[in-house]
*Asks:* 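Dropping the structure in here first, questions after.
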Amino acid sequence: MNGAPPSSFAAFDVSKSDRTDALTVVGLTVTYRVRGRDREVLQDVSFRVRRGEAYGLVGESGCGKSTVAMATLRYLPRNGKVKAGKIVIAGADVQKLGADALRSMRATTVSMVYQDPGRALNPSLTIARQISEAFEAAGVARDQALHRTLEMLQRVRIAAPERVMDSYPHQLSGGMQQRVVIAMALASNPALLILDEPTTGLDATVEAEVLDLVAQLREELGTAVLFISHNLAVIGRMCERVGVLYAGKLVEEGATQDVFARPRHPYTVGLLRCLPSAGRSKDRQRLDTIAGGLPLPGSITQGCIYAERCRLADERCRRDAPPPYRLGAPHGDQMARCHYHERAIELPRAASSEAPVMSASANAAARAFSAPVLRARNLSKTFHVSGAPLRAVDDVSLELASGETLGLVGESGSGKTTLARLMLGLLAPDAGSLLELDGAPLAARVTRRSDEQLKSLQIVFQNPDSALNRAHSVKRLIGRALARFTALRGPQIDERLGTLTDAVRLPERYLDARSRQLSGGLKQRVAIARAFAGEPRVVVCDEPTSSLDVSVQAAILNLLADLQRERGVSYVFISHDLHVVRYVSDRIAVLYVGRLLEIGPAAAVFDGPQHPYTEALLSAVPTLPGDGVSGDAHQRTRIHLTGELPGPGAMPSGCVFHTRCPRKLGAICEQQDPPFLDAGGPADSPSAHRIRCHIPVATLRELQCEPRDDNAGKTTNGADSDDASKSAS
């Protein structure tokens, strides 16, 4: 152990690091001019990214992660400036570069991949033109640039690259767009690649493919990577070292394995405890949360910047700013700005971690015997795209019990949101489909439903910015819903409004605020309060936490669980984050191109056996060290699904998954639609575990328990295939 070093942790020889590092940041302080006053958004930040290394930068929104990236590239907005510090990229001092040298550096030495590829691409230019421009900026002739474009698209593993070159961005999926952006970023073979939330919003398989691609290209090209993300599991998988930012200060740094295994700062401990992990569910254990919020930039002038949110803080912390303590760790030095870094791992939890209800098994039993609140039978929806029929939802039947959460999972394009919209009446299903609410027929279109049915089915969207009128106050947004769905008037609405805001833990001081003045977590609380205004029976949660920090996500998930316990509401929960789905869900339904391939209790679906598609989804989920997705002793190996989802008019015969299935048997999969097999539980019970596959359940269980030798996604050898095929016959 060890005392505190000088004022900056990175007290290294800058002249030496210029030659050995892809990026060196020393004492970086950045200010924004706001209302006539300079506010520090970064304070004395120092770190290095060695050549060929991947360095992760984590922290809540507003901590300064993206500002670090913008300052590195000298892309700060007009009201931003570097007040102090030094930034060196591949030996060049960025702050001293003239306009031409800066332009050359951006074209040849450093590249950046942004969070939203759709906004990074020009919608009016073809993919070929946009990528070739990146090559031309690096000095390649135009005719040669087109040839290099084709090679780069092949390198980033885009199928049919010639067709993609002639396409426009809107004609590509999110995963394809992100690969195109990565191809553009790598056109100059940069020494440094900055990735700013590159996988947020992507489903598990596409995220895994993008991460695999980055790792492979980094190995091939020797490119250093600065990886910015609030997804700690992604950082754990991709980065050798990690830095934790809080309110503009680097509060912890070290080898990723050391920081995640034994964090030394209370903030890092809090972030890790916010995550849903294997074996945890809403019925057994509440997620820990980090109380309070980030301080305003420049508002902390004395003591530790984290003191107001820290459950270890005392007068010393509020009086004296902690220096960066250096600590020995198994994989190198570890730094923590905390007076009590040795006790950080013992940080008290925010509240009791025990769920204040009956046991999970008792809850499951109660739900199993309750009458379904919502039932869908033979639900289908067909769209016509360019004259070709596309069956977005195909003959789906399921039930939702009172007080139950049904998780819907699958890749983008699997039909999850379409199924939810059919339930809500926002889309009309095909003829022969049937919806029931409390045993009574439910009109197909929302415009034909009664007020009672309308208030019984509500939705919480992924992006509250799109769902809330930015010009209206919180009081008006929730009050209008109360006036619409209840008989309350005047003072009664105000009283009920107070009850609702208390239920969603929304402080009264925000009632007169406009939604544009609120943080993402507060906006989502407003959206949840509005959805609960009419005492709904069913709430559809469509990616309600995907854009939130892990600390805010934990608070929202706890809130949804509390409201379910208190009010008996049922949820249909849609998410790409399978850790979150397992934590909140009682049952899981797995969709693939509109077909229901598996449904059953959450524990059964995650622990196996699973449909081969479910198995591939779970294998794609990044996990923190020592935290397996399924919770069993078997460590999942990544299953690479080849090909793309079937397009309009190209739906496969037989099993819809056979064109991508790593366990395909043969002709039976190509020719015959597989039946549902019972994988556990009473066959006629809503809690039964059913798998739609030709491979017998016992064989699936044996195959999925064996150590995998993943070879281009093919996992079932010839002998296994023959045996399984005979069993299926």
*Asks:* Below 4.5 Å, heavy atoms only, C-beta onward: do Glu207 and Pro622 meet side chain to side chain?
*Replies:* yes
*Asks:* Roughly how far, to the nearest 0.5 Å, is the SG atom of Cys304 from the CZ atom of Arg319?
*Replies:* 13.0 Å
*Asks:* Any side-chain heavy atom of Ser229 within less than 4.5 Å of one from Glu197?
*Replies:* yes
*Asks:* Please confirm whether the backbone N or O of Pro441 pairs with a side-chain atom of Glu436, one donor and one acceptor, at under 3.5 Å?
*Replies:* no
*Asks:* Between the side chain of Arg530 and the main-chain N/O of Leu468, is any donor-acceptor distance below 3.5 Å?
*Replies:* no
*Asks:* Pick out which of Asp586, Leu560, Asn558 makes a side-chain contact (heavy atoms from CB on, under 4.5 Å) with Lys282.
*Replies:* Asp586
*Asks:* First locate atom CG of Leu271, then atom CG of Asp288, and finally report the distance between them rounded to the nearest 0.5 Å.
*Replies:* 11.0 Å
*Asks:* Considering all heavy atoms of both residues, which atom of Val269 and which atom of Ala344 are nearest to each other, and what is their separation?
*Replies:* CG2-O, 3.5 Å
*Asks:* A cation-pi test, strictly: NZ or CZ of Arg316 under 6.0 Å from the centre of the six-membered ring of Tyr340 and no more than 45 degrees from its axis. Yes or no?
*Replies:* yes
*Asks:* Quick one: pull up CG in Asp549 and CD1 in Ile290 and give me the separation to the nearest 0.5 Å.
*Replies:* 9.0 Å
*Asks:* Does any non-hydrogen side-chain atom of Gln524 lie less than 4.5 Å from one of Val460?
*Replies:* yes
*Asks:* Could you tell me whether the side chain of Arg514 and the main chain of Ala471 form a donor-acceptor pair under 3.5 Å?
*Replies:* yes
*Asks:* Does the side chain of Lys81 reach to within under 4.5 Å of the side chain of Leu76, using non-hydrogen atoms?
*Replies:* no
*Asks:* Looking at Gly534, is its backbone amide N or carbonyl O close enough to the side chain of Thr486 to form a donor-acceptor pair, meaning the two atoms are under 3.5 Å apart?
*Replies:* no
*Asks:* For the ring pair His265 and Tyr306, is the centre-to-centre distance below 6.0 Å?
*Replies:* yes
*Asks:* Is there a side-chain contact between Met423 and Leu442 in this structure, where contact means two heavy atoms from C-beta onward sitting under 4.5 Å apart?
*Replies:* no
*Asks:* For Phe260, does its backbone N or O pair with a side-chain atom of Arg262 as donor and acceptor, under 3.5 Å?
*Replies:* no
*Asks:* What's the separation between atom CG in Leu57 and atom CZ in Phe47, rounded to the nearest 0.5 Å?
*Replies:* 5.5 Å
*Asks:* Quick check for you: to the nearest 0.5 Å, what is the distance between Asp196 atom CG and Tyr114 atom OH?
*Replies:* 8.5 Å
*Asks:* Has the side chain of Arg311 got a donor or acceptor atom that lies under 3.5 Å from a matching backbone atom of Pro348?
*Replies:* yes
*Asks:* More than 12 heavy atoms of other residues, nucleotides or ligands under 6.0 Å from CZ of Arg375: is that the case?
*Replies:* yes
*Asks:* Say whether, by atom type as modelled, one donor and one acceptor occur between the side chain of Lys65 and the main chain of Gly59 under 3.5 angstrom.
*Replies:* yes
*Asks:* Kindly say whether Cys317 contributes a backbone atom to a donor-acceptor pair with the side chain of Asp314 at under 3.5 angstrom?
*Replies:* yes
*Asks:* With side-chain contact (heavy atoms from CB on, under 4.5 Å) as the criterion, how do Leu563 and Val504 come out once you've worked through the C-alpha distance, each side chain's angles and the decisive distance to 0.1 Å?
*Replies:* CA-CA 8 Å; Leu563 291 171; Val504 299; 4.3 Å; yes
*Asks:* Let me confirm one number: the SG-CG distance from Cys541 to Leu408, rounded to the nearest 0.5 Å.
*Replies:* 11.0 Å
*Asks:* For Gln517, look at atom CD and say whether over 12 heavy atoms of other residues, nucleotides or ligands are found less than 6.0 Å away.
*Replies:* yes
*Asks:* Where do Gln564 and Thr405 come nearest, in terms of heavy atoms and distance?
*Replies:* NE2-OG1, 2.9 Å
*Asks:* Looking only at atom types and distance, does a side-chain atom of Gln458 sit under 3.5 Å from a main-chain N or O of Phe532, one as donor and one as acceptor?
*Replies:* no
*Asks:* With a 4.0 Å cut-off on N to O distance, would you call Asp542 and Lys416 a salt bridge?
*Replies:* no
*Asks:* What heavy-atom pair brings Val373 and Ser402 nearest, and what distance separates the two atoms?
*Replies:* CG1-N, 4.1 Å
*Asks:* Do the non-hydrogen side-chain atoms of Asp577 and Thr545 ever get within less than 4.5 Å of each other?
*Replies:* no
*Asks:* Answer yes when Glu404 and Arg587 have at least one side-chain N-carboxylate O distance shorter than 4.0 Å, and no when they do not.
*Replies:* yes
*Asks:* Donor-acceptor check, side chain of Arg33 to backbone of Asn79, threshold 3.5 angstrom: yes or no?
*Replies:* no
*Asks:* What I want to find out is whether Glu535 reaches Arg496 closely enough, with some N-O distance under 4.0 Å, to be called a salt bridge.
*Replies:* yes
*Asks:* If you take all heavy atoms of Arg264 and Glu342, which pair is closest and at what distance?
*Replies:* NH1-CA, 3.9 Å
*Asks:* Measure up the Tyr325 and His341 rings against each other and bin them: parallel (under 30°), tilted (30 to 60°), perpendicular (over 60°).
*Replies:* tilted
*Asks:* Which heavy-atom pair separates Leu400 from Ser570 by the least distance, and what is that distance?
*Replies:* CD2-CB, 3.6 Å
*Asks:* For a 4.5 angstrom cut-off between non-hydrogen side-chain atoms, does Arg309 reach Tyr246?
*Replies:* yes
*Asks:* At their closest point, which heavy atom of Phe485 faces which heavy atom of Asp451, and how far apart are they?
*Replies:* CD2-O, 4.5 Å
*Asks:* Would you call Asp38 and Lys83 a salt bridge, using N to O less than 4.0 angstrom?
*Replies:* no
*Asks:* Tell me, with the steps shown, if Thr29 and Leu42 meet side-chain contact (heavy atoms from CB on, under 4.5 Å).
*Replies:* CA-CA 5 Å; Thr29 298; Leu42 291 178; 5.8 Å; no
*Asks:* When you compare the side chain of Leu287 with that of Pro276, does any pair of heavy atoms fall below 4.5 Å?
*Replies:* yes
